[in-house]
Amino acid sequence: MLRSWDAAVERAQDRLAAGPRLRAAGPGEERRFALWDLASLVEGGLGELVDPDGLAPQVERGWRERLGESGREWPGGELYRRRYWIQDDGGTVVGTVAVDNWTKGPSQLAVSSLYVAPQARGRGLAAAALDEVYAAATAEGLPGFRLEAHWAWQPAVRYYLRRGLWVVGWKHSLSFARMPQLPAHRVREEDGRLLLLVEDRLRGWVPILAAGQEGRWLRLDETADYRGCDGWVHEYARSTLALYLALAGRPLVRGPQWWAEAWRWSDAGEPEGLAYRIEEFERVARAAGRPVASPYRPVPLSQSPLPESRLPQSRLPEQAPPASWRLADSGDG
């Protein structure tokens, strides 16, 4: 007998397959979908654009070898998820998205393989696909969806924040979610601080957290509205603001005593946990020979009192973040 949420996922998948923007990948399309998946991985992991429908077998093998484990093709992947083509208004395939056949987190749909071909970007097609997934989930009583993105995939990370997704964790990669319990959010820079605001139906945009800088350290202030907000917002507001700070090249650590405990939040939570995890993400990427263009300035090793067994491999910034990394208001997209 299917558990109730398993049945809800099946119904949500049926809704997606019947939607106007998505078309379920049919028999015989597994290889083509795998090549589009590869194009997404090459762009995200190596920063290069490829035409998925023009990849010769030898070229494909070369890309997969460069990607290593992440570039491995998984036969039979259709058994655990359904794959969809994103179509434009004329019915032409322009992208991909996939949804797992079981839930993740608090019974959410798990989204992966979101990719739109470069020539089709800027037309709202990825946003429309995510909106369809969200609508299908909530129509069946599921609390939205969750997806993952690597820290190094900076354009994707920034896009998900612009779309109003909340940061719910960073255990293996950055985890984003959209849920009915979480209102729209945005950030604004004011007097040198970043303010995290949430949308209130009666009062408009309400600031709940403010992040400033004291010397090289972070100063994080709560508002009365934050202390009075519900559990979901209270839980994920700090982690969401932490990612905004990292993308703006701002400090994530409030002082030596906080940095000493950063490993405690290496799955989710306080901003020091994200600082700890970003250093690990970047260390692993460099060890694999992958390019890392990061706006985040890590805590120098000499300033960290972490026990040696807990110590991340901190590094001094190779260069100051360029002006293009300054964080603009995220509410435009």
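Residues take their numbers from the sequence shown, with the count starting at 1.
The side chain to side chain contact (heavy atoms under 4.5 Å, CB included) check on Ala275 picks up Leu252, Val253, Trp259, Tyr296, with sequence neighbours excluded. Asp191 meets the side chain to side chain donor-acceptor pair (under 3.5 Å) test with no other residue; sequence neighbours excluded. The side chain to side chain contact (heavy atoms under 4.5 Å, CB included) test applied to Lys104 returns Ala110, Arg146, Glu148, not counting sequence neighbours. Residues satisfying the side chain to side chain donor-acceptor pair (under 3.5 Å) test with Glu190, not counting sequence neighbours, are Arg188. Not counting sequence neighbours, the partners of Arg219 by the side chain to side chain donor-acceptor pair (under 3.5 Å) test are Glu214, Asp221. Every residue meeting the side chain to side chain contact (heavy atoms under 4.5 Å, CB included) condition with Arg121, not counting sequence neighbours, appears here in chain and number order: Glu43, Tyr115, Val116, Pro118.
The two atoms that bring Ala149 and Tyr160 nearest to each other are CB-CE1, 3.8 Å, heavy atoms only.
For the pair Arg66 and Trp63, the cation does not sit on the ring face, since its NZ or CZ is not both under 6.0 Å from the ring centre and inside 45° of the axis. Cation-pi geometry between Arg178 and Phe145 is not met: the NZ or CZ atom fails to fall both under 6.0 Å from the ring centre and inside 45° of the normal.
If you look at His234 and Tyr226, their ring centroids are closer than 6.0 Å.
Ring pair His185/Trp166 is perpendicular by interplanar angle, where above 60° counts as perpendicular and below 30° as parallel.
Residues Ile278 and Trp170 share a single hydrophobic cluster, defined by chaining ILVMFWY side chains whose heavy atoms lie under 4.5 Å apart.
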